[in-house]
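So the structure is just underneath, and the comments pick up after that.
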Amino acid sequence: MKILISAYACEPGQGSEPEVGWNVVREVSKYHHVWVLTSNCHRLGIETELESNPLPNLNFVYLDPFGWVIDWSLKGKQTQKWVQFHYYIWQIKAYFVSYLLYQEIHFDIVHHVTYVKYSSPSFLSLLPIPFIWGPVGGGESTPKAFYKDFSLHSRIYELLRNLARWLGEQDPFVRLTARRSILAWATTDDTAQRLHHIGATNVQIRSQLGISQEELVKLANYTMPLHSPIRFISVGRLLHWKGFHLGLAAFAKANLPDCEYWIVGEGSEEQQLQIITQELGITEQVKFWGSLSRDHTWSKIGHCHILVHPSLHESGGFVCLEAMALGQPVICLDLGGPAIQVTSETGFKIQARTPEQAVQDIAKAMRCLASDPELRLRMGHAGQQRVKEFFSWEIQGFFLSELYKEVCTQR
């Protein structure tokens, strides 16, 4: 079969959206002939990888509107300021390029992969072939009860985010994309509800994340310490909606004097989190490691026992899969992507009704896991098995291959 994939973000080794795009197209190309539309900013990384590991069924078409390329390696505010506008007009150009390609190649299916965002359109849905949208996310919101712990700046951020999403839903091209999708994948329950609301009829829930066999082999080299203090760890950008302040408050409430709490990442909330740590009287037990490379992050996770990921709105949560692959239980809120990944067998999913209730329940889970090594081991093994069965990129690729065949047969 001949598959056309829209992957604005697509590059190996970059993490986040580019990693999702790259792994999807790589795995699908093992079964079908694949053409990928992506931005020129990923060209060097893709071509370097293909020189070392050729994929004969994989063809890339690089394009950008008006020759305007946004470099993903420059992740400053000026870059992020324009990226969403660039993405929108990139989609328009992608349609005209894809239409000419379709007349020449006659694709069987078109699949939008990245961005993983439901409130922006994919103009490739206008092509006269079956269109698959997603997985897409972004329909998740911070529960309003948690706003009271935010600064004014953070509250404004949340309100503007909700407004931007609402405006996106009013875009007639977003609604057209939803209506024309033969299948719309949502990363979470919240996004599934929004997709139904804007007109998608066939909506299913599926995570956009995966781990490759190479990564699983690497992760297997990091073994959990046996004779050290029990360590909790949180990993991610230090932003208000990541909820690390909840993790710190819960750690203090759990009153575990022989345990440690490590935090990996950097961001605008770092200073505030350090102030909270001092106010809670847990400075001696908490270590801020700053921003680390992926391998060093895995090493830090491997030196800990339990991942704490109290994110308040997130369609993904890749670190949860990494911790599960490392054999660690996960404590997360029962929200967004982490709620899809984590089960009662692999960790604790905490209800998010109020900050006080969430802190109380996270603390209870911390005490439970810190005092029960057999439970940690059992949940860790269950997590590893779940990642292998449901979140392997190889399994994702085979699933997509069979799905494409099924869609074409139904057509």
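Note: hydrogens, waters and symmetry copies are ignored here, and every other heavy atom, side chains too, is used. Starting from 1, each residue takes its place in the sequence as its number.
- Summarising the geometry, atom CZ belonging to R206 is positioned 9.5 Å from atom CZ belonging to F390; distances are rounded to the nearest 0.5 Å.
- At least one side-chain heavy atom of F131 sits less than 4.5 Å from a side-chain heavy atom of S122.
- The CD1 atom of I182 sits 9.0 Å away from atom OG1 of T201, with the distance rounded to the nearest 0.5 Å.
- Distance CG/L369 to CG/L307: 11.0 Å, rounded to 0.5 Å.
- Here T142 contributes atom OG1 and D149 contributes atom CG; the two are 11.5 Å apart, rounded to the nearest 0.5 Å.
- Within the 4.5 Å cutoff, the side chain of L37 has heavy atoms near those of the S98 side chain.
- Nearest approach of L219 to A325, heavy atoms of both residues: CD1-CB, 3.5 Å.
- Using modelled atom types, one side-chain atom of R376 and one backbone atom of A370 make a donor-acceptor pair closer than 3.5 Å.
- Heavy-atom minimum distance, G21 versus V113: CA-CG1, 4.2 Å.
- The minimum heavy-atom distance linking P18 with H42 is given by the pair CG-CE1, 4.1 Å.
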Notebook entry, point to check: Run the side chain to side chain donor-acceptor pair (under 3.5 Å) check on Q357 and D361 step by step: do they pass?
Noted result: CA-CA 6 Å; Q357 164 268 320; D361 290 348; 2.9 Å; yes
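- Taking the charged nitrogens against the carboxylate oxygens, R294 and E322 do have a contact shorter than 4.0 Å, which makes a salt bridge.
- The main-chain N or O of L183 is never found under 3.5 Å from a side-chain atom of Q204 such that the two would form a donor-acceptor pair.
- The pair E215-K218 does not meet the salt-bridge criterion, since no charged nitrogen lies less than 4.0 angstrom from a carboxylate oxygen.
- Looking at K2, its side chain never comes within 3.5 Å of a backbone N or O of V34 through a donor-acceptor pair.
- With salt bridges taken as basic N to acidic carboxylate O contacts below 4.0 Å, none links R194 and E140.
- The nearest pair of heavy atoms linking S234 to V308 is OG-O, 2.6 Å.
- A perpendicular orientation is assigned to the rings of W133 and H112, their planes being inclined by more than 60° (bins at 30° and 60°).
- Here the CZ atom belonging to F146 is positioned 8.5 Å from the CD atom belonging to E356, to the nearest 0.5 angstrom.
- Between F150 and H245, the two ring planes are perpendicular [angle over 60°; tilted spans 30° to 60°].
- The shortest heavy-atom contact between P12 and G45 is CG-O, 3.9 Å.
- Under 4.0 Å is where a charged nitrogen must lie from a carboxylate oxygen, and between E17 and K117 no such pair does.
- Panel note: side chain S299, backbone D295; no donor-acceptor pair is recorded below 3.5 Å.
- The neighbour count for Y88 OH, taken as heavy atoms of other residues, nucleotides or ligands under 6.0 Å away, is above 12.
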Note to self: Assess the residue pair I5 and V25 against the criterion (side-chain contact (heavy atoms from CB on, under 4.5 Å)); give the C-alpha distance rounded to whole Å, side-chain angles, the decisive distance to 0.1 Å, and a yes or no.
What the structure shows: CA-CA 7 Å; I5 291 180; V25 303; 3.8 Å; yes
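- The pair E266-R237 does not count as a salt bridge, with every side-chain nitrogen at least 4.0 angstrom from each carboxylate oxygen.
- Classified by interplanar angle (parallel below 30°, tilted 30° to 60°, perpendicular above 60°), the ring pair F251/F232 is perpendicular.
- The aromatic rings of W90 and Y87 sit parallel to each other, their planes meeting at less than 30°, with 60° as the upper class boundary.
- More than 12 heavy atoms of other residues, nucleotides or ligands sit less than 6.0 Å from atom NE2 of H196.
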Next item on the list: Report the C-alpha separation of H86 and Y8 in whole Å, then their side-chain angles, then the decisive distance to 0.1 Å, and conclude whether the ring pair (Phe, Tyr, Trp, His ring centres under 6.0 Å) test is met.
Entry: CA-CA 10 Å; H86 183 271; Y8 173 78; 5.7 Å; yes
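- A donor-acceptor pair shorter than 3.5 Å cannot be found between the side chains of R179 and S125.
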Next item on the list: Begin with the C-alpha distance, continue with both residues' side-chain angles, and end with the deciding distance and a verdict on ring pair (Phe, Tyr, Trp, His ring centres under 6.0 Å) for W262 and W289.
Entry: CA-CA 7 Å; W262 288 4; W289 289 99; 5.2 Å; yes
Next item on the list: Could you go through the side chain to side chain donor-acceptor pair (under 3.5 Å) check for H309 and E314 one step at a time?
Entry: CA-CA 11 Å; H309 192 72; E314 190 162 21; 2.8 Å; yes
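- Between F123 and K93, the closest side-chain pair of non-hydrogen atoms is not below 4.5 Å.
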Notebook entry, point to check: How far apart are the C-alpha atoms of L239 and S268, what are their side-chain angles, what is the distance that settles it, and do they pass the side-chain contact (heavy atoms from CB on, under 4.5 Å) test?
Noted result: CA-CA 6 Å; L239 305 174; S268 58; 3.7 Å; yes
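- Annotation: side chain of Y118 is not in contact with side chain of D190 (no heavy-atom distance under 4.5 Å).
- The closest donor-acceptor contact from the side chain of T191 to the backbone of A186 lies at 3.5 Å or more, if one exists at all.
- Salt bridge K30/E27: present, at least one basic N to carboxylate O contact under 4.0 Å.
- To the nearest 0.5 angstrom, H381 atom NE2 is 14.0 Å from T346 atom OG1.
- When all heavy atoms are compared, the tightest approach of G247 to P310 is N-CG, 4.1 Å.
- Considering only heavy atoms from C-beta on, L280 comes within 4.5 Å of L248 through its side chain.
- Open room surrounds CD on Q271; 12 or fewer heavy atoms of other groups in view lie less than 6.0 Å from it.
- Taking 4.5 Å as the limit, some side-chain heavy atom of I205 sits within range of a side-chain heavy atom of D189.
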Next item on the list: Assess whether ring pair (Phe, Tyr, Trp, His ring centres under 6.0 Å) is satisfied between Y102 and H106, documenting all intermediate values.
Entry: CA-CA 5 Å; Y102 169 73; H106 301 292; 5.8 Å; yes
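- The local environment of CZ in F288 is crowded, with over 12 non-hydrogen atoms from other residues, nucleotides or ligands closer than 6.0 Å.
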Next item on the list: Take L127 and F107 through the side-chain contact (heavy atoms from CB on, under 4.5 Å) test and state the conclusion after the steps.
Entry: CA-CA 10 Å; L127 293 174; F107 301 109; 5.6 Å; no
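- The neighbour count for H33 NE2, taken as heavy atoms of other residues, nucleotides or ligands under 6.0 Å away, does not exceed 12.
- Surrounding CG of L159 are more than 12 heavy atoms belonging to other residues, nucleotides or ligands, all under 6.0 Å away.
- Between E269 and S154 the shortest side-chain heavy-atom distance falls below 4.5 Å.
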Note to self: Under the criterion side-chain contact (heavy atoms from CB on, under 4.5 Å), I'd like the reasoning laid out for E11 against R43: C-alpha separation, chi angles, the key distance, then a yes or no.
What the structure shows: CA-CA 8 Å; E11 185 175 344; R43 186 168 195 153; over 6 Å; no
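- Checking Q385 against E389 by side-chain atom types alone, a donor-acceptor pair falls below 3.5 Å.
- A salt bridge links R26 with E214: the distance from a Lys NZ or Arg NE/NH1/NH2 to an Asp or Glu carboxylate oxygen falls below 4.0 Å.
- Between M324 and V330 there is a side-chain heavy-atom pair separated by less than 4.5 Å.
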Next item on the list: Could you please spell out the steps behind the side chain to side chain donor-acceptor pair (under 3.5 Å) verdict for H313 and E158?
Entry: CA-CA 10 Å; H313 63 73; E158 292 293 328; 3.2 Å; yes
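- Partner E402 forms a side-chain contact (heavy atoms from CB on, under 4.5 Å) with one of F398, Y404, F399 and no other, that one being F398.
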